[in-house]
Trainee: 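Questions regarding the structure given below will be posed in turn.
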Amino acid sequence: MHGAYHGEYKVPGGKLVVVDLDAEDGVLRNVRVAGDFFLEPDEAILAIDRALEGAPVDTDAAGLAARIEAALPPGTRMFGLTAEGVGVAVRRALAHATDWTDYDWQLIHEPPQSPALHMALDEVVTAEVAAGRRPPTLRVWEWGAPAVVIGSFQSLRNEVDAEAAERHGIQVVRRISGGGAMFIEPGNTITYSLSVPDALVQGLSFTDSYAYLDDWVLGALGDMGIKAWYQPLNDIATDAGKIAGAAQKRIVTGAGAVLHHVTMAYDIDADKMTEVLRIGREKLSDKGTRSAKKRVDPLRRQTGLPRETVIERMIASFRGRYGLSEGHVTEDELTRAKQLAVSKFATAEWTARVP
């Protein structure tokens, strides 16, 4: 690797880190770290630059962070900045990663659709982004029916009480991403998908990509008076409890793309949820709570706002940060998604592929 490189990384919950560097003979040269963070003492910024000088270009973010931490003057204080954040910015520079503002984002927010069609739209829209036929897209879902959405690798019988689901008229569908089950009732859930080019998350670890793609919604929640944070691997939490869970799927065709979708609990029928979902004791123990009802704290109680207002403010926050034009699912995308919903996502073969 030779030449000049530029990378940027917004530290989740923190500030922007910008790195410019050269790569010569397999090592980093002329490293310059900048950003809108706060750092004391002043000379610490020079120590960071020196620590990265001469590092092998294949050093991962953790290794770069270790070099920085070893070189910082005693008593150094960082605000909105972490050593690992600098390391990630370096990796993104070397990977030629793009930034949110490099794209013309499009919004899809259409009338309610069936659970199986939503699963298919996620696959089709993200494949279109990977192929370069669609810009990066924020799709806000409206649900046409109650559902349980299970992760790609979950056991159907272990996660869902089939009799209870049938009794309550709840459809069970399986998505293409991993992660846990989601309990959905129209009007009680806020769900959105980000379909983004793979270049946006280049240089990020799998874990870091979750935090990076969730950062905008933490800002939107903050604007509504909710102090929320990313809780590894895939939760968004507040002092009152979990409010959202995320999942991802990588699409490797074309230039590559990432599907990152999030379900947020606006309101919840906790009794019905615990009837339909088989939430195991081990999972509850891991979350440090004795009751499934206490694991999720709905946005309705925390914001006091109507669901539509919460969605409007989220969209406005995204638009204010990165720009966002109104869009729609094309006729071709909808046709393909409908076919996929019938041939895959509505079939017992797919839904019970892990019995």
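Residues: numbered from 1 along the sequence shown. Reckoned from all heavy atoms, side chains included, excluding hydrogens, waters and symmetry mates.
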Trainee: Taking all non-hydrogen atoms of both residues into account, name the closest pair between Ala147 and Pro115 and its distance.
Mentor: CB-CG, 3.7 Å
Trainee: Roughly how far apart are Leu218 CG and Lys227 NZ, rounded to 0.5 Å?
Mentor: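 Interatomic distance, Leu218 CG to Lys227 NZ, rounded to 0.5 Å: 12.0 Å.
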Trainee: To the nearest 0.5 Å, how far apart are CH2 in Trp105 and CG in Leu324?
Mentor: 9.0 Å
Trainee: Take a 6.0 Å sphere around CG of Asn30 and say whether it holds more than 12 heavy atoms from other residues, nucleotides or ligands.
Mentor: yes
Trainee: Assess the side chains of Tyr266 and Thr189: does a donor N or O sit below 3.5 Å from an acceptor N or O?
Mentor: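 No pair is found: no donor N or O on one side chain lies under 3.5 Å from an acceptor on the other.
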Trainee: Check Gly203 against Ala95 and note the closest heavy-atom contact, atom names and distance.
Mentor: N-CB, 4.0 Å
Trainee: Tell me, do Ser193 and His260 make a side-chain contact under 4.5 Å, heavy atoms counted?
Mentor: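 No, too far: nothing below the 4.5 Å cut-off.
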Trainee: Rounded to the nearest 0.5 Å, what separation is found between the CG atom of Asp198 and the OG1 atom of Thr126?
Mentor: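 So the CG of Asp198 and the OG1 of Thr126 are separated by 12.0 Å.
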Trainee: Taking all non-hydrogen atoms of both residues into account, name the closest pair between Val172 and Ala165 and its distance.
Mentor: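 Here Val172 and Ala165 meet closest at CG2-CB, 4.4 Å.
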Trainee: Which pair of heavy atoms, one from Arg278 and one from Asp161, lies closest together, and at what distance?
Mentor: NH2-CA, 3.6 Å
Trainee: To the nearest 0.5 Å, how far apart are CH2 in Trp143 and OG1 in Thr263?
Mentor: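 Interatomic distance, Trp143 CH2 to Thr263 OG1, rounded to 0.5 Å: 6.0 Å.
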Trainee: Mind checking whether Ile251 and Val258 have side chains closer than 4.5 Å, heavy atoms only?
Mentor: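 SC-SC contact between Ile251 and Val258 ruled out.
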Trainee: Are the aromatic ring centres of Tyr192 and Trp216 under 6.0 angstrom apart?
Mentor: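 Between Tyr192 and Trp216, the centre distance is under 6.0 Å.
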Trainee: Provide the closest heavy-atom pair for Val148 versus Ala181 in the form atom of the first, atom of the second, distance.
Mentor: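 Scanning both residues completely, I find the closest heavy atoms to be CG1-CB, 4.4 Å.
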Trainee: With no hydrogens and no angle check, just 3.5 Å: does a side-chain donor-acceptor pair link Thr191 and His261?
Mentor: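 No donor-acceptor contact under 3.5 Å links the two side chains.
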Trainee: Ignoring hydrogens and angles, write down the donor-acceptor pairs under 3.5 Å from the side chains of residues 345-355, residues two or more places apart or on other chains.
Mentor:
residue, atom, partner, partner atom, Å
Thr347, OG1, Lys344, O, 2.6
Thr347, OG1, Trp350, N, 3.2
Trp350, NE1, Arg174, O, 2.7
Thr351, OG1, Thr347, O, 3.0
Arg353, NE, Ser152, O, 3.4
Arg353, NH2, Ser152, O, 2.9
Arg353, NH2, Ser152, OG, 2.4

Trainee: Looking at residues at least two apart in the chain, or sitting in another chain, which of them share a salt bridge (charged side-chain N to carboxylate O under 4.0 Å, His left out) with Glu142?
Mentor: Arg307
Trainee: Could you tell me if the side chain of Arg29 sits less than 4.5 Å from the side chain of Leu21, heavy atoms only?
Mentor: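 Leu21 vs Arg29: side chains apart.
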Trainee: Taking Tyr210 for its side chain and Gln248 for its backbone only, find out whether a donor-acceptor pair lies under 3.5 Å.
Mentor: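 Yes.
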Trainee: Testing Gln106, His109, His118 for side chain to side chain donor-acceptor pair (under 3.5 Å) with Arg139, which one passes?
Mentor: His118
Trainee: Would you kindly confirm whether Val86 and Val31 end up in one hydrophobic cluster when ILVMFWY residues are joined by side chain heavy atoms under 4.5 Å apart?
Mentor: yes
Trainee: Applying the 4.5 Å side-chain criterion to the ILVMFWY set and letting contacts propagate, would Leu138 and Met119 be lumped into a single cluster?
Mentor: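 The answer is no; the residues belong to distinct hydrophobic clusters.
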Trainee: List the atom pairs, with distances to 0.1 Å, where a side-chain N or O of residues 54-79 and a protein N or O form a donor-acceptor pair under 3.5 Å, not counting sequence neighbours.
Mentor:
residue, atom, partner, partner atom, Å
Thr59, OG1, Pro56, O, 2.8
Asp60, OD1, Ala62, N, 3.3
Asp60, OD1, Gly63, N, 2.7
Arg67, NE, Ala51, O, 2.8
Arg67, NH2, Ala51, O, 3.2
Arg67, NH2, Glu53, O, 3.4
Thr76, OG1, Pro73, O, 2.6

Trainee: So, do Leu16 and Glu8 sit near enough that their side-chain heavy atoms are less than 4.5 Å apart?
Mentor: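 Yes - at least one pair of side-chain heavy atoms lies under 4.5 Å apart.
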Trainee: Between Tyr212 and Tyr9, does the ring centre distance come in under 6.0 Å?
Mentor: yes
Trainee: Show me the donor-acceptor pairs within less than 3.5 Å that the side chains of residues 328-337 make with the rest of the protein, sequence neighbours left out.
Mentor:
residue, atom, partner, partner atom, Å
Thr330, OG1, Glu333, N, 3.0
Thr330, OG1, Glu333, OE1, 3.3
Asp332, OD2, Arg336, NH1, 3.3
Glu333, OE1, Arg134, NH2, 2.9
Glu333, OE1, Thr330, N, 2.9
Glu333, OE2, Arg134, NE, 2.8
Glu333, OE2, Arg134, NH2, 3.4
Thr335, OG1, Glu331, O, 2.9
Arg336, NH1, Glu128, OE2, 2.9
Arg336, NH2, Glu128, OE2, 3.4

Trainee: With sequence neighbours left out, what residues match Arg92 under salt bridge (charged side-chain N to carboxylate O under 4.0 Å, His left out)?
Mentor: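 With sequence neighbours excluded, Arg92 shows a salt bridge (charged side-chain N to carboxylate O under 4.0 Å, His left out) to no residue whatsoever.
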Trainee: Using the salt bridge (charged side-chain N to carboxylate O under 4.0 Å, His left out) rule, take Glu123 and Arg175 through it: C-alpha gap first, then chi angles, then the decisive distance, then the call.
Mentor: CA-CA 9 Å; Glu123 184 168 328; Arg175 62 181 184 268; over 6 Å; no
Trainee: Please, which pairs that meet side-chain hydrogen bond (donor to acceptor under 3.5 Å, both in side chains) have at least one residue in residues 79-91, sequence neighbours excluded?
Mentor: none
Trainee: Spell out, yes or no, whether Val217 and Leu259 are grouped together once hydrophobic residues are joined by side-chain heavy atoms under 4.5 Å, including indirect joins.
Mentor: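 No; Leu259 is not reachable from Val217 via cluster members.
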Trainee: If I compare all heavy atoms of Val17 with all of Ala89, which pair ends up nearest, and what's the gap?
Mentor: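 Heavy atoms of Val17 and Ala89 come nearest at CG1-CB, 4.0 Å.
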Trainee: Is a salt bridge present between Asp49 and Arg32, judged by a nitrogen-to-oxygen distance below 4.0 Å?
Mentor: no
Trainee: Are Leu94 and Leu200 connected into the same hydrophobic cluster when the rule is that any two of I, L, V, M, F, W, Y join if their side-chain heavy atoms are below 4.5 Å apart?
Mentor: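 Yes.
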Trainee: In Å and rounded to the nearest 0.5 Å, what is the CD to CD distance from Glu166 to Gln171?
Mentor: 12.0 Å
Trainee: Rounded to the nearest 0.5 Å, what separates atom NZ in Lys272 from atom CG in Leu277?
Mentor: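 Result: 12.0 Å between the selected atoms.
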Trainee: Give a yes or no on whether Val201 and Phe318 share a hydrophobic cluster (residues Ile, Leu, Val, Met, Phe, Trp, Tyr; joining criterion: side-chain heavy atoms under 4.5 Å apart).
Mentor: yes
Trainee: Can you tell me if Arg167 has over 12 outside heavy atoms packed within less than 6.0 Å of its CZ?
Mentor: yes
